[in-house]
Amino acid sequence: MAARDRYSRKLECSQCGHSGYAEVSESDERRASSRDFQIDEMPTGFSTEFSSKDPRKYMVRCQCGHKFRFEQKTAYPPGGEPR
């Protein structure tokens with residue numbers, strides 16, 4: 001049985017600025033057809049909109065209703081810089 005790589009990733013809503021850290025894991029098996037990605041712990045104020053084994057397709061919903069991909073380049077609205 002293959003071990004799992006575990007890490008934290010900061011989630012930040014570009015709409016309202018709400019942020020938190022998600023605890024995630026994925027397979028470390030190099031020959032696997034998928035990364036077997038999963039979120040082990042979602043920060044308060046965020047929920048899963050669409051789950052996927054690929055972090056580029058996993059969709060997250062913020063408490064303000066804004067939806068975004070788990071792995072994305074952060075884009076902020078005009079004047080909305082990181083806090």
Side-chain angles (χ1 to χ4, degrees):
M1 180 174 179
R4 295 186 64 79
D5 290 332
R6 299 184 191 289
Y7 59 96
S8 296
R9 183 177 180 101
K10 185 175 184 179
L11 299 179
E12 187 168 8
C13 178
S14 62
Q15 194 75 22
C16 71
H18 179 71
S19 65
Y21 287 90
E23 300 297 324
V24 300
S25 62
E26 56 188 45
S27 173
D28 69 349
E29 181 62 41
R30 297 184 193 278
R31 290 175 271 158
S33 61
S34 123
R35 291 166 67 177
D36 192 23
F37 170 84
Q38 68 183 34
I39 295 183
D40 300 323
E41 190 175 327
M42 186 74 79
T44 304
F46 292 99
S47 60
T48 298
E49 178 69 19
F50 176 79
S51 64
S52 174
K53 296 293 184 184
D54 183 350
R56 293 169 295 193
K57 295 178 183 175
Y58 198 102
M59 297 295 290
V60 176
R61 179 186 288 268
C62 178
Q63 61 190 6
C64 74
H66 181 67
K67 295 178 265 185
F68 57 94
R69 293 184 193 280
F70 177 80
E71 271 190 6
Q72 69 170 2
K73 291 189 177 191
T74 305
Y76 297 95
E81 299 172 0
R83 301 171 215 273

Asp5 versus Ser27, closest heavy-atom pair with distance: OD2-O, 4.5 Å
Over 12 foreign heavy atoms within 6.0 Å of CZ, Arg6: yes
For the student: nearest non-hydrogen atoms of Met42 and Ser47, plus distance: CE-C, 4.0 Å
For the student: nearest non-hydrogen atoms of Glu26 and Tyr7, plus distance: OE1-OH, 3.3 Å
Check: Glu71 main-chain N/O paired with Arg9 side-chain donor or acceptor under 3.5 Å: no
Glu41 and Tyr21 side chains, donor-acceptor separation under 3.5 Å: no
Residues forming a salt bridge (Lys or Arg N to Asp or Glu O under 4.0 Å) with Glu49, sequence neighbours excluded: Arg61
Taking every non-hydrogen atom, the tightest pair across Cys16 and Cys64: SG-SG, 3.8 Å
Closest contact, heavy atoms only, Asp36 versus Lys53: OD1-NZ, 3.2 Å
Least distance between heavy atoms, Cys62 atom then His18 atom: SG-CB, 4.0 Å
Polar side chain donor-acceptor pair, Asp40 to Gln38, under 3.5 angstrom: yes
Trace of the side-chain contact (heavy atoms from CB on, under 4.5 Å) decision for Phe70 with Phe46: CA-CA 11 Å; Phe70 177 80; Phe46 292 99; over 6 Å; no
Nonpolar side-chain network containing Met59, other nodes, edges under 4.5 Å: Phe50
